[in-house]
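These notes concern the structure reproduced below.
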Amino acid sequence: MRFQINTHFDLSMLQIQDSISASIRLGLSQLFSIEAEEIILQETKKEFEGTFTFVVFPYTKQAGMAPPMIAQKLGEFVQGNNDLVLSFQVVQGFLNLTLTAQTWVSILADSLADSDAFQLSPKKEKVLIEYSSPNTNKPLHLGHLRNNFLGFSVAQIMKAAGYEVIKTNLVNDRGIHICKSMLAYQLFGESETPESSGIKGDHLVGKYYVAFDKAYKAEIETLKQSGRTEDQAKAEAPMLLKAQAMLLAWEQQDPEVLALWERMNSWVFAGFEKSYAQMGVDFDKIYRESNTYLLGKKLVDEGLSQGVFYQKPDGSVWINLEAEGLDEKLVLRKDGTSVYITQDMGTAQLKYEDFGANQSIYVVGNEQDYHFEVLFHILKKLNKPYSTGNFHLSYGMVDLPSGKMKSREGTVVDADDLMAEMVQTAKERTMELGKIDGFSEEESNTLFNHLGMGALKYFLLKVDPKKRMLFNPAESIDFQGNTGPFIQYTYARIKSIVRKASEMNISTSWTVEPSITLASAEQELVYLVAQYKLKIEEAAAQMAPSVIAQYVYDLAKQFNKFYNELSIINEEDALKQKIRLSLVEMTGKTIQQAALLLGVIVPERM
RNA sequence: GGCUCCGUAGUUCAAUGGAUAGAAUGUAGGUUUCCGGUACCUAAGAUGAAGGUUCGAUUCCUUCCGGGGCCA
């Protein structure tokens with residue numbers, strides 16, 4: 001039996017891997033009577049000859065033979081039975097397989113012919129992604145940028161992988177924190193508005209949150225001087241008592257308090273909208289905790305009657321999760337007010353009613369790891385239909401070289417400021433290089449935006465989310481190396497070549513002939529381009545934009561190497577010229593699509 | 001204190017249990033007749049410590065050290 005593919009002119013990477021895996025499986029069976037479950041092919045390391053590597057060590061015992069012997073026999077078998085394989089090399093227990101020249105041409109032909117090259121077929125599953133989750137008492141900061149870019153990118157990746165995706169944002173718009181801003185505004189605001197002050201709405205509200213803190217601290221000092229302990233002073237300070245009273249009034253629907261709350265929230269939402277537009281992120285639905293907490297309370301009642309929760313003598317409601325390796329957890333305070341987890345229960349219910357998704361992803365910082373573990377356990381105990389498919393996409397804090405990022409310490413990096421700074425830097429760099437002659441002012445500004453934001457997004461997304469990372473503003477504005485602008489530059493370079501070729505009327509259509517061979521720099525580029533869909537699957541399975549970031553960087557790097565080694569437009573052989581040009585075009589499209597998955601827009605010229 | 005995450009070149013980041021641990025940056029040096037030099041090529045440079053499992057450990061297990069987070 002021979003493994004042959006009829007249409008040798010058109011082979012996807014997946015078909016090739018499957019074909020070779022099948023040959024290896026057959027070889028193991030016929031030569032050694034080993035029925036392997038799964039054949040795993042790896043990429044051959046660069047220092048060795050070959051494309052795919054099969055590791056035979058695991059079969060040593062069953063075959064009763066030394067690894068190099070197994071590899072030798074298996075190599076001979078595969079070479080003799082699979083037309084795609086030209087030759088093989090054995091290094092210890094590693095079997096390295098080299099593909100025929102024609103196989104490479106077929107792979108390229110397949111990539112070029114694939115009308116759905118960047119979209120996987122529908123998976124018929126609905127995925128809900130909740131991200132951003134701001135508080136309405138202050139503007140967004142650096143940590144939010146990581147959150148928003150992550151959430152948006154994962155959504156893009158899941159869509160490309162064939163999922164139906166719904167993006168949601170749960171805004172924390174109620175609670176003591178917003179009352180603090182409101183109180184300070186009442187006391188010191190003097191009817192200031194975003195319009196009258198020229199301050200962006202979220203920043204204006206944030207200003208009063210800071211004002212509250214300042215006044216509160218001053219009161220604490222005074223109380224301490226009159227003999228109170230630190231704790232007493234903190235609990236007795238009039239500012240805090242007033243804020244607490246305001247929260248109570250809010251819960252009792254006090255018209256005046258509600259009016260102020262709505263007014264200030266509208267400022268914040270208007271401000272957030274601008275920030276989101278600048279970030280390039282969006283949502284299908286925005287939820288507010290002020291609308292979900294009551295539903296959460298209902299679920300608490302339900303759980304009480306089911307015996308999932310229990311009430312302590314003081315009236316507070318708890319759940320015991322000791323059997324799950326956790327401890328007791330409060331779900332409702334003794335005064336009947338809800339805690340975060342109460343609201344999250346309500347939101348989960350509401351999201352299920354609205355969308356009924358198969359999977360629900362929460363993009364939230366890792367300081368909430370415990371919180372989500374508890375939430376998911378509670379949903380299971382309540383036996384809700386939405387208790388499965390929940391995943392907390394947890395990410396680490398973004399550090400600054402100077403230390404931690406905490407608003408209290410005043411070293412917080414504001415998201416709007418940072419984005420503006422990145423765009424400004426992009427502008428300065430681009431002006432220095434003077435390559436944008438003929439750009440209108442609007443075109444220039446769009447370009448600066450894409451470059452600055454691309455640098456920022458790529459920088460934050462290339463790192464594994466769960467790791468704490470260091471953001472160095474000074475280094476991030478360096479447009480060299482493994483960065484967004486490097487990728488954008490490579491794309492612009494490709495487009496320049498394509499434009500020139502088009503002016504010269506060079507065609508990109510060609511047909512597969514047995515005589516065609518590809519240089520190694522071409523093969524490597526073909527290999528990467530053909531891997532696009534596999535990378536999407538991988539990134540979607542791991543919910544990891546970093547997989548895409550690494551991929552698009554490798555692709556850009558390999559293109560530049562190819563460009564350095566081989567002529568494209570200047571190639572004299574007409575067929576080679578066409579093939580290379582078609583590969584260049586395909587590489588450009590692939591870079592563009594991959595970058596888009598990260599939310600990075602690549603410019604035609606820069 | 002309990003639980004949890006992290007520890008890799010000077011620095012910032014990679015590596016489904018596989019080969020000589022990859023990049024970038026910085027440092028030192030180099031690049032054709034060139035289609036965009038923000039490119040390409042070369043060199044030096046790292047797995048916190050000790051055990052264990054394995055043919056093979058950055059990866060899995062145990063203890064310790066260091067850092068972060070959550071719960072008190």
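What you see below is based on every heavy atom in this structure, not just the backbone, and it leaves out hydrogens, waters and symmetry mates. Reminder, nothing fancy here: chain letters follow the sequence lines and each chain counts from 1. On a predicted model such as this, the values are computed, not experimentally measured, just so you know.
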What's the [atom1]-[atom2] distance between [X] and [N], to the nearest Å?
X	N	atom1	atom2	value
A:Asn570	B:rU32	CG	C1'	13 Å
A:Phe559	B:rU38	CZ	P	15 Å
A:Tyr458	B:rA14	OH	P	11 Å
A:Phe471	B:rU11	CZ	P	20 Å

Which nucleotide in the list [options] gets nearest to the side chain of [X]?
X	options	result
A:Phe57	B:rC5, B:rG7, B:rC55	B:rC55
A:Val463	B:rA14, B:rC34, B:rG18	B:rA14
A:Asn564	B:rA23, B:rC6, B:rA39	B:rA39
A:Met606	B:rA14, B:rG18, B:rU38	B:rU38

Would you mind classifying the nucleic acid contact of [X] as base, sugar-phosphate or nothing, using non-hydrogen atoms under 4.0 angstrom?
X	answer
A:Asp327	sugar-phosphate
A:Lys557	sugar-phosphate
A:Glu565	nothing
A:Leu321	nothing
A:Gln92	nothing
A:Lys45	base
A:Leu470	sugar-phosphate
A:Ile40	base
A:Tyr553	sugar-phosphate
A:Thr60	nothing
A:Asn472	nothing

Option among A:Thr98, A:Thr53, A:Thr51 that satisfies the side chain to side chain donor-acceptor pair (under 3.5 Å) test with A:Thr44
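Running side chain to side chain donor-acceptor pair (under 3.5 Å) over A:Thr98, A:Thr53, A:Thr51 with A:Thr44 returns exactly one hit, A:Thr53.
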When the [atom1] atoms of [N] and [M] are considered, how many whole Å apart are they?
N	M	atom1	answer
B:rG22	B:rA43	P	12 Å
B:rG17	B:rU59	C1'	7 Å
B:rA24	B:rA46	C1'	15 Å
B:rG68	B:rU31	C1'	46 Å
B:rG51	B:rG56	P	16 Å
B:rU16	B:rU11	P	23 Å

Under 3.5 Å for both distances, Watson-Crick or G-U wobble, that's the pair rule; now give the dot-bracket for RNA chain B, with | marking pairs to another strand and [ ] for crossing ones.
(((((((..((((....[...)))).(((((.......)))))....(((((..]....)))))))))))).
Looking at every heavy atom in both A:Val374 and A:Ile341, which two are closest together, and how far apart are they?
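The answer is CG1-CD1, 3.5 Å.
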Could A:Lys380 and A:Glu324 be called an ion pair, given the rule that one side-chain N must be under 4.0 Å from one carboxylate O?
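Answer for the salt bridge query: no.
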Taking the six-membered ring for Trp, are the ring centroids of A:Phe57 and A:Phe94 within less than 6.0 Å of each other?
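A:Phe57 vs A:Phe94: aromatic centres under 6.0 Å.
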Please list, in numerical order, the residues of residues 482-505 of chain A that have a heavy atom closer than 4.0 Å to any atom of RNA chain B.
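Output list: A:Asn482, A:Phe486, A:Tyr489, A:Ala492, A:Arg493, A:Ser496, A:Ile497, A:Lys500.
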Residue mapping more 5' on RNA chain B - nearest nucleotide basis, A:Pro58 or A:Ile568:
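Residue closer to the 5' terminus by nearest nucleotide: A:Pro58.
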For A:Phe94 and B:rG18, say yes or no: do the ring centres fall under 5.5 Å of each other while the ring planes differ by less than 30°?
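So A:Phe94 does not count as stacking on the base.
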